**Student:** 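Can you keep this structure in mind? I'll have questions shortly.
Since the structure is predicted, the reported quantities are computational estimates derived from the model, not experimental observations.
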Amino acid sequence: MLFNSYIFIFIFLPAALIGWYGLNRYGKYKLASLFLAGMSLWFYGYFNVSYLAIILCSIATNYALSYLLTRIPPDKRQSQESLPDGKKHLPLFNRLGLLSGIVLNLGILFYFKYYDFFIENINLAFHTDFNLKHILLPLGISFFTFQQLSFIIDRALDRCEHYSFLNYLTFVTFFPQLIAGPIVLYKEMIPQFEDHSRRRFDAPSFARGIYLFILGLAKKVLLADTFGLMANYGFAQTFSLDSISTVFVILAYTFELYFDFSGYSDMAIGLGRMFHIELPVNFDSPYRSCSIKEFWQRWHITLSRFFVTYVYIPLGGSKKGKVRMLLNTFIIFLLSGLWHGAAWTYVAWGAMQGLLVVWDNLGIIGIGGRQEKRPSKFHIPAWLGWIFTFSLFNLSLFFFRSESMLGAIQLFKNLFSGKFTGKIYEVAAQLDIPEIYVIRQALEFVAPGFVNYVYLLFMFILFALAFFLIFRRNAYERATHNELTSRTCWGICILFIWCIISLSQVSTFLYFNF
């Protein structure tokens with residue numbers, strides 16, 4: 001089920017809200033949690049019923065492992081700090097639990113997401129002929145696997161307690177964050193579900209939740225999907241694009257990705273607030289960044305948090321010298337690239353991001369007016385840093401969006417070819433959307449030769465609007481700090497109606513593929 005669908009907006013969401021608040025109103029707290037978990041499983045299983053078996057097995061396995069960790073005999077529960085040698089060695093039972101949790105979770109993720117990729121490369125490297133399984137990737141598996149992996153790691157390290165199965169089930173399946181994040185932690189979710197004061201209807205939280213949800217819906221339906229028309233066409237025509245059309249195609253994908261993921265993040269937080277649950281911010285205007293390092297402090301924040309906490313720090317972080325710190329940084333970006341997809345294009349994208357962050361960490365060039373932990377020898381103005389950051393991220397998306405390395409390389413060739421074949425008119429013509437139907441029909445009757453120029457003009461206006469919006473206060477800032485005046489409410493109502501009319505062409509969120 002999609003957030004941007006009629007069944008979700010008009011059937012699922014009202015039913016979930018009525019059931020949640022109705023049961024809590026009469027003090028049926030456990031039944032309310034069970035109801036919410038059941039609705040979340042319906043939401044997840046709506047895509048494919050067979051997915052339910054996968055997520056339920058994953059939940060049951062991790063919960064059982066957490067339970068087994070509570071059965072450690074008291075004399076074996078020796079904390080890391082109290083060891084006589086001063087070293088932080090885990091007791092055997094905890095080490096076994098930690099290893100089991102990592103192997104089980106990553107094993108499931110590997111089988112469904114990376115098995116065919118691994119076999120393909122084995123066949124290519126050793127000239128073997130192992131059969132591929134062509135396994136259907138379950139939706140959200142990367143998200144709920146990392147969510148549970150963080151929990152089981154912290155359980156093995158005695159950082160958190162064992163919770164009731166109902167609380168754990170609700171924590172994992174809570175539908176606003178189930179499919180595409182944010183990757184939430186047990187310590188920021190389970191206490192909220194256990195807090196009975198959060199189970200009472202809160203009008204201000206609900207109103208701001210609706211406000212944020214509609215702004216996110218508009219980003220997805222009105223902006224991301226419109227940019228997607230140009231991006232999808234352009235990447236399908238990779239080998240026939242010229243320099244100018246390549247620039248606008250990659251910009252179209254850049255903004256499609258931005259408004260798609262930003263829109264989902266806003267909608268997820270908005271839905272959480274409707275249920276009086278606070279989800280962590282996952283997206284903080286990353287296209288304002290003046291360095292790649294700053295960019296990754298703003299984009300997919302919870303994924304970066306996971307890799308820093310559970311990969312970067314265990315590898316030694318920055319405590320084992322500068323060279324080791326740079327290597328650890330590069331490793332987590334390689335893994336981040338692979339997390340996004342089982343293809344060498346994603347690995348190349350991750351490697352490029354890693355190298356750029358490593359360059360930032362070297363501290364050779366800094367950004368004027370920014371406080372830095374490591375003083376830089378040279379400084380450039382913030383506006384120039386923004387140009388470099390935005391341009392380099394766009395170039396990295398050649399790898400991220402292309403179906404193959406050959407396609408990505410071709411895009412670089414197109415960009416620097418200096419050719420102009422007029423392909424830009426075909427790209428702009430993909431903006432044949434209902435909003436300009438009347439203008440197009442009138443021009444085709446009066447001056448058909450100007451129709452392509454109208455598409456081109458509309459494309460330029462759309463890009464100008466996108467650049468304008470990325471430097472404005474984002475939706476989360478507006479929902480948190482703006483007063484909900486009658487004028488604002490009328491504007492939101494008009495925006496909602498516009499989105500509903502545009503839902504005839506429902507599309508999935510891009511991060512569903514990861």
**Student:** Rounded to the nearest 0.5 Å, what separation is found between the CG atom of D360 and the OG1 atom of T389?
**Tutor:**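 Answer rounded to 0.5 Å: 7.0 Å.
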
**Student:** Test L149 against every option in D154, L109, N62, N105 by the side-chain contact (heavy atoms from CB on, under 4.5 Å) rule and name the one that passes.
**Tutor:**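 Only one option passes, and that is N105.
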
**Student:** How about F399 and Y346: are their ring centroids closer than 6.0 Å?
**Tutor:**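 Distance test on ring centres: not under 6.0 Å, no.
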
**Student:** So do E194 and Y163 actually touch side chain to side chain, heavy atoms under 4.5 Å?
**Tutor:**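 Y163 reaches E194 side chain to side chain.
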
**Student:** Between CG of L13 and CD1 of I18, what distance do you get to the nearest 0.5 Å?
**Tutor:**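 Those atoms lie 9.5 Å apart.
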
**Student:** Using 30° and 60° as the class boundaries, would you call the ring planes of F143 and H300 parallel, tilted or perpendicular?
**Tutor:**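 Judged by the thresholds at 30° and 60°, the geometry between F143 and H300 is parallel.
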
**Student:** Kindly compute the distance separating CG (L52) from OG1 (T173), expressed to the nearest 0.5 Å.
**Tutor:**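 Answer rounded to 0.5 Å: 10.5 Å.
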
**Student:** Kindly indicate whether the side chain of Y114, heavy atoms from C-beta on, has any atom under 4.5 Å from the side chain of L338.
**Tutor:**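 Y114 vs L338: side chains touch.
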
**Student:** Do we get K220 above Y264's six-membered ring, with its NZ or CZ under 6.0 Å from the centre and within 45° of the axis?
**Tutor:**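 The answer is no, since K220 fails at least one limit relative to Y264.
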
**Student:** Report the relative orientation of the aromatic rings in F146 and F306; use parallel for angles under 30°, tilted for 30 to 60°, perpendicular for over 60°.
**Tutor:**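 Ring orientation, 0 to 90° scale: parallel.
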
**Student:** Parallel, tilted or perpendicular: which one describes the rings of Y63 and Y168, with boundaries at 30° and 60°?
**Tutor:**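 Judged by the thresholds at 30° and 60°, the geometry between Y63 and Y168 is tilted.
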
**Student:** Would you say the rings of F467 and F255 are close, in the sense that their centroids are separated by under 6.0 Å?
**Tutor:**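 When the ring centroids of F255 and F467 are compared, they turn out to be within the sub-6.0 Å range.
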
**Student:** Are Y287 and W386 close enough that their ring centers fall under 6.0 Å?
**Tutor:**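 Between W386 and Y287, which both carry aromatic rings, the centre distance is not below 6.0 Å.
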
**Student:** List for me each residue that meets side-chain hydrogen bond (donor to acceptor under 3.5 Å, both in side chains) alongside Q353, sequence neighbours excluded, and say none if there are none.
**Tutor:**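 Result, side-chain hydrogen bond (donor to acceptor under 3.5 Å, both in side chains) vs Q353: W296, S396.
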
**Student:** Do the ring planes of F393 and F295 sit parallel (below 30°), tilted (30 to 60°) or perpendicular (above 60°)?
**Tutor:**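 It falls in the tilted class, 30° to 60°.
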
**Student:** If I take atom CE from residue M352 and atom CG from residue L356, how far apart are they, to the nearest 0.5 angstrom?
**Tutor:**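 Reported to 0.5 Å precision, the distance equals 5.5 Å.
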
**Student:** Among L56, L136, I141, which residue meets the side-chain contact (heavy atoms from CB on, under 4.5 Å) test with Y51?
**Tutor:**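 With Y51 as partner, side-chain contact (heavy atoms from CB on, under 4.5 Å) holds for just one option, L136.
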
